[in-house]
Peer 1: 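Before anything else, here's the structure in question.
What you are looking at is a predicted structure, and each value in this text was computed from that prediction instead of being measured. Sequential numbering from 1 along the given sequence is applied to the chain's residues. Only heavy atoms go into these numbers, but all of them, side chains included; no hydrogens, no water, no symmetry mates.
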Amino acid sequence: MVRRVIIAVLGPVTWHPPGVDPGTWRAALVEDVVDLLATLNEVEPAIAATAADRALAESVAWPSMPVYEVPDLSASAIFAAAAKDGFEQAAAVAGDAPDVPGLLLGKLLRPLTTRPLAVAPADPGPGLLGLAARLPAPDWLPDVDLDSGAVVVLRSAAPRSADVGASPAWRRLRGPADLATLDPAVEGWDTTRALLSAP
């Protein structure tokens with residue numbers, strides 16, 4: 001069986017709802033992503049963070065969940081850490097998408113059966129919700145992270161555009177318009193939900 005890991009990327013969060021502490025907001029978002037990853041079947045969960053965010057990553061990690069301390073949040077650095085840990089496939093997922101469906105993350109990995117790279121755009125952009133690769137990652141992978149990456153950039157760098165598979169897009173919570181799209185009827189995102197409903 002192929003060893004797969006989905007890694008929550010603890011990146012910068014540039015917006016928070018009025019009246020909510022920025023650090024508390026950031027922690028809630030990534031905690032919900034981590035909690036989702038911990039429940040998925042046939043993949044192992046992990047977190048990637050720089051040294052400055054190591055303590056936050058440890059605070060939201062489940063017992064025995066790896067925390068990869070990376071020099072930067074580039075896809076190359078994250079995939080290198082996963083490859084060193086013995087994984088054959090890895091997906092890096094934005095830590096500010098607390099309500100992302102688990103099924104969508106499975107679809108991000110699915111193209112790797114026939115392609116070296118797969119991508120899920122952020123909707124709306126810019127950037128990506130997630131990026132997945134067979135490991136070791138292809139040497140043509142450009143120097144991108146989830147905030148700067150784009151499907152067109154990745155396909156332009158590939159030997160063939162078909163080498164980069166696409167999966168459905170999903171939102172990241174980066175502004176008031178994104179917040180307004182949250183569906184209270186959808187299960188999950190419990191920590192973010194509790195924070196938003198606090199008096």
Peer 1: Quick check: do Val30 and Val13 have side-chain heavy atoms less than 4.5 Å from each other?
Peer 2: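 SC-SC contact between Val30 and Val13 ruled out.
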Peer 1: So how far is it from Ser167 OG to Leu105 CG, rounded to the nearest 0.5 Å?
Peer 2: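 Answer for the OG-CG pair, Ser167 versus Leu105, is 8.5 Å.
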Peer 1: To the closest 0.5 Å, what do you measure between CG (Leu128) and CG (Leu108)?
Peer 2: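 Answer for the CG-CG pair, Leu128 versus Leu108, is 9.5 Å.
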Peer 1: Is the side chain of Arg193 donor-acceptor paired with the backbone N or O of Pro184 at a distance under 3.5 Å, no angle test?
Peer 2: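 Yes, because the side chain of Arg193 sits within donor-acceptor range (under 3.5 Å) of the backbone of Pro184.
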Peer 1: Carefully, step by step, assess Asp35 and Trp62 under the rule side chain to side chain donor-acceptor pair (under 3.5 Å).
Peer 2: CA-CA 8 Å; Asp35 287 353; Trp62 285 38; 2.8 Å; yes
Peer 1: Is Val100 linked to Val43 within one hydrophobic cluster, defined over Ile, Leu, Val, Met, Phe, Trp and Tyr using a side-chain heavy-atom separation of less than 4.5 Å?
Peer 2: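 Yes, it is one cluster - the side chains of Val100 and Val43 are joined through contacts under 4.5 Å.
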Peer 1: Please give me the minimum heavy-atom distance between Pro17 and Leu179, naming the atom from each residue.
Peer 2: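 Looking at all heavy atoms of both residues, the closest pair is CG-CD2, 4.2 Å.
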Peer 1: Does a side-chain heavy-atom distance below 4.5 Å link Val9 with Asp145?
Peer 2: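 The answer is no; the side chains never approach within 4.5 Å.
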Peer 1: Can you tell if the side chain of Tyr68 reaches within under 4.5 Å of the side chain of Ile78, non-hydrogen atoms only?
Peer 2: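 Sidechains of Ile78 and Tyr68: no contact.
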Peer 1: With rounding to the nearest 0.5 angstrom, report the CG to CG distance, Leu173 to Leu196.
Peer 2: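 The CG atom of Leu196 is 8.5 Å from CG of Leu173, to the nearest 0.5 Å.
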Peer 1: In Å and rounded to the nearest 0.5 Å, what is the CD1 to CD distance from Ile6 to Glu44?
Peer 2: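 That separation rounds to 11.0 Å.
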Peer 1: Which atoms form the tightest heavy-atom contact between Asp143 and Ser74, and what is the distance?
Peer 2: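 Heavy atoms only, the tightest pair is OD1-CB, 3.6 Å.
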Peer 1: Please determine whether residues Leu10 and Met65 belong to a single hydrophobic cluster, defined as Ile, Leu, Val, Met, Phe, Trp and Tyr linked transitively by side-chain heavy-atom distances below 4.5 Å.
Peer 2: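 They do share one cluster, since a chain of ILVMFWY contacts under 4.5 Å joins Leu10 to Met65.
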Peer 1: Using the rule side chain to side chain contact (heavy atoms under 4.5 Å, CB included), only one of Leu29, Val33, Asp96 pairs with Thr192; which is it?
Peer 2: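 The single option meeting the side chain to side chain contact (heavy atoms under 4.5 Å, CB included) with Thr192 is Leu29.
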Peer 1: Are Leu40 and Val93 linked, directly or through other ILVMFWY residues, by side chains that come within less than 4.5 angstrom of each other?
Peer 2: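 Yes, Leu40 connects to Val93 through the hydrophobic network.
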Peer 1: Is any side-chain heavy atom of Leu36 closer than 4.5 Å to a side-chain heavy atom of Trp189?
Peer 2: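 A side-chain contact under 4.5 Å is absent here.
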Peer 1: Can you find a pair of side-chain heavy atoms, one from Leu73 and one from Pro12, that are under 4.5 Å apart?
Peer 2: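 A side-chain contact under 4.5 Å exists here.
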Peer 1: Whether the side chain of Arg172 engages the backbone of Gly125 through a donor-acceptor N/O pair (distance < 3.5 Å, no angle test) should be reported.
Peer 2: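 No; zero donor-acceptor contacts below 3.5 Å.
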Peer 1: Which atom pair, heavy atoms only, marks the closest approach of Ala132 to Leu109?
Peer 2: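 Nearest pair, atom of Ala132 first, then Leu109: CB-CD2, 4.3 Å.
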Peer 1: Mind checking whether Phe87 and Phe79 have side chains closer than 4.5 Å, heavy atoms only?
Peer 2: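 SC-SC contact between Phe87 and Phe79 ruled out.
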Peer 1: Kindly check if the number of other-residue, nucleotide or ligand heavy atoms within 6.0 Å of CG (Asp21) is above 12?
Peer 2: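 Enclosed: over 12 neighbouring heavy atoms sit under 6.0 Å from CG of Asp21.
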Peer 1: Nearest 0.5 Å, what's the CZ-OG1 distance between Arg26 and Thr14?
Peer 2: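 So the gap between those two atoms works out to 11.0 Å.
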Peer 1: Report yes if the side chains of Pro126 and Asp147 come closer than 4.5 Å at any heavy-atom pair, otherwise no.
Peer 2: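 No, every pair of side-chain atoms sits at 4.5 Å or beyond.
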Peer 1: Test Arg171 against every option in Thr181, Asp178, Asp123 by the side-chain hydrogen bond (donor to acceptor under 3.5 Å, both in side chains) rule and name the one that passes.
Peer 2: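 When Thr181, Asp178, Asp123 are each tested with Arg171, the side-chain hydrogen bond (donor to acceptor under 3.5 Å, both in side chains) holds only for Thr181.
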Peer 1: Do Leu129 and Leu104 come within less than 4.5 Å of each other through their side chains, counting heavy atoms only?
Peer 2: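 They are in contact (side-chain heavy atoms under 4.5 Å apart), so the answer is yes.
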Peer 1: Do side-chain atoms of Ser156 reach the backbone of Val152 as a donor and acceptor pair under 3.5 angstrom?
Peer 2: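 Present.
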Peer 1: Calculate, to the nearest 0.5 Å, the distance between atoms CG and CG belonging to Asp99 and Asp183 respectively.
Peer 2: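 If we round to the nearest 0.5 Å, Asp99:CG and Asp183:CG are 8.5 Å apart.
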Peer 1: If you take all heavy atoms of Leu131 and Leu146, which pair is closest and at what distance?
Peer 2: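 Shortest heavy-atom separation between Leu131 and Leu146 comes out as N-CD2, 4.1 Å.
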Peer 1: Output, in order, the C-alpha distance, side-chain angles, deciding distance and verdict of side-chain contact (heavy atoms from CB on, under 4.5 Å) for Asp85 and Val5.
Peer 2: CA-CA 10 Å; Asp85 211 12; Val5 62; over 6 Å; no
Peer 1: Please report the closest heavy-atom contact between Thr50 and Pro71, naming both atoms and the distance.
Peer 2: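 Nearest pair, atom of Thr50 first, then Pro71: CG2-O, 4.4 Å.
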Peer 1: Under a 4.5 Å side-chain heavy-atom rule over Ile, Leu, Val, Met, Phe, Trp and Tyr, are Leu135 and Ile7 clustered together?
Peer 2: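 In one cluster: yes.
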Peer 1: Looking at Arg134 and Leu112, would you say the former's side chain and the latter's main chain have a donor-acceptor pair under 3.5 Å?
Peer 2: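 Answer holds: yes.
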Peer 1: Provide the closest heavy-atom pair for Glu88 versus Met1 in the form atom of the first, atom of the second, distance.
Peer 2: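 In this case the closest contact between Glu88 and Met1 is OE2-O, 3.9 Å.
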